[in-house]
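Worksheet: one structure, shown below.
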2 protein chains.
Amino acid sequence: MRGRNEGMGPWWHGRFRGCGYRITAGRDAILDVLTRANKHLSAEDIYLKVHSIYPAIGLTSVYRTLEILADMGLVLKFDFGDGRARYELAEGSKSSHHHHLVCTGCNRVIDYTDFIDEEVELLKRTEKGLSDKYNFRITNHLIQFYGLCDKCAKKKGGE
Amino acid sequence: MRGRNEGMGPWWHGRFRGCGYRITAGRDAILDVLTRANKHLSAEDIYLKVHSIYPAIGLTSVYRTLEILADMGLVLKFDFGDGRARYELAEGSKSSHHHHLVCTGCNRVIDYTDFIDEEVELLKRTEKGLSDKYNFRITNHLIQFYGLCDKCAKKKGGE
DNA sequence: CTCATTATTGGAAATGGTTCCCATTATCAA
DNA sequence: TTGATAATGGGAACCATTTCCAATAATGAG
């Protein structure tokens, strides 16, 4: 039952301290929500969930913390085209590496893990090539497919 | 000098008419700017450029036209993370298919065409698989790499 | 443990890209 | 030419995200 880190707090405390950031109740709560969530959440989603655990939280702090987390690479920030950013914990906890399939009709997002291995393998090679050629330190990649889900295809696409 | 379509107007008139849209001076000017541009432009960039050709244009019309163009697949809309969307003509005119390398430090964007063939080949296969499995009609894909360009890497990344 | 330093906070206001509204104008088919 | 109506543009509305700042809380030193 007990993990290997009893007495030393959650896994991310070390990361935070290592970067000179303080541990606060708000940040604890945000990380808690993110760890629990298995979907990509908007800042407001996160704010609401955190608020029910820790009502003193402010939306501003949510944004600030998410920015820090994204900078540290603990959180990935996505844009699915509906005007608000989505956040999800970078792989490590529950979530495995996946990419997104976005319906441009209803904004539904499907996480897929199929083909991921092949994709990641190619991406690694491409990353290497690009890093060398353009002298970039690549830290991340984004792959998304856009299209219409079955429902939206029926509505719009003829028939 | 003369193209093969003298007398019948620009290439996109047909596409527009085919979709039931009217041809207007503003739309002409917007397409003109987009065709000329070889970079991804923001809506405001486009507005300013069009404004110098056709001062009567309004920003609202630029947004409206871009949305139509994106829906028709003539224009691709990108988010590079700086809070404003970028648009570029889908391949066909000058531009060849490319992907983007985005510097998270200074927001510089590099278009690259290296590795594209391999990537596109894999993407095609993946698209096929995803379409079948999730019953999606995939119309588009997005690949971007994020990282720090040489300059930003020097500033931030130690040294 | 206490204190001082200073990062962090939350609320309200500001920002800024994008969309909405609507009276006016322009396109296009007949 | 004309009528139906799509398209326009300007300003206001919208809304996610940032900024500002005085109050608060986390941390390290003593």
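Only this structure's heavy atoms are used, side chains among them; waters, hydrogens and symmetry mates stay out.
Closest to the side chain of Y21(A), out of dT8(C), dG9(D), dA7(D), is dT8(C).
Between the side chain of R22(A) and the base of dG28(D), no donor-acceptor pair of N or O atoms lies under 3.5 Å. Judged by distance alone with a 3.5 Å cut-off, a donor-acceptor contact links the side chain of T60(B) to the base of dG11(D).
For the OP1/OP2 pair of dT17(D) and a distance below 4.0 Å, the side-chain nitrogens and oxygens of Y63(A) include at least one atom meeting the criterion. Contact annotation: R84(B) side-chain N/O to dG17(C) OP1/OP2 distance is under 4.0 Å. Within the 4.0 Å cut-off from OP1 or OP2 of dA7(D), not a single side-chain nitrogen or oxygen of R64(B) is found. Contact between the side-chain N/O atoms of T24(A) and the OP1/OP2 oxygens of dT9(C) is found at a separation under 4.0 Å. Between dT27(D) and R17(A), a contact under 4.0 Å exists linking OP1 or OP2 to a side-chain N or O.
Put simply, CG on D28(B) is 15 Å from P on dA26(C), counting in whole angstrom units. The distance from atom CD1 of I23(B) to atom C1' of dT25(C) is 17 Å, rounded to the nearest whole Å.
Comparing G26(A) and S42(B) along DNA chain C, the residue whose closest nucleotide (by nearest heavy atom) sits nearer the 5' end is G26(A).
Here D132(B) pairs with K128(B) in a salt bridge; the nearest charged N to carboxylate O distance falls below 4.0 Å. At a threshold of 4.0 Å, the pair D32(B)-R36(B) counts as salt-bridged, since one of the basic side-chain nitrogens sits closer than that to a carboxylate oxygen.
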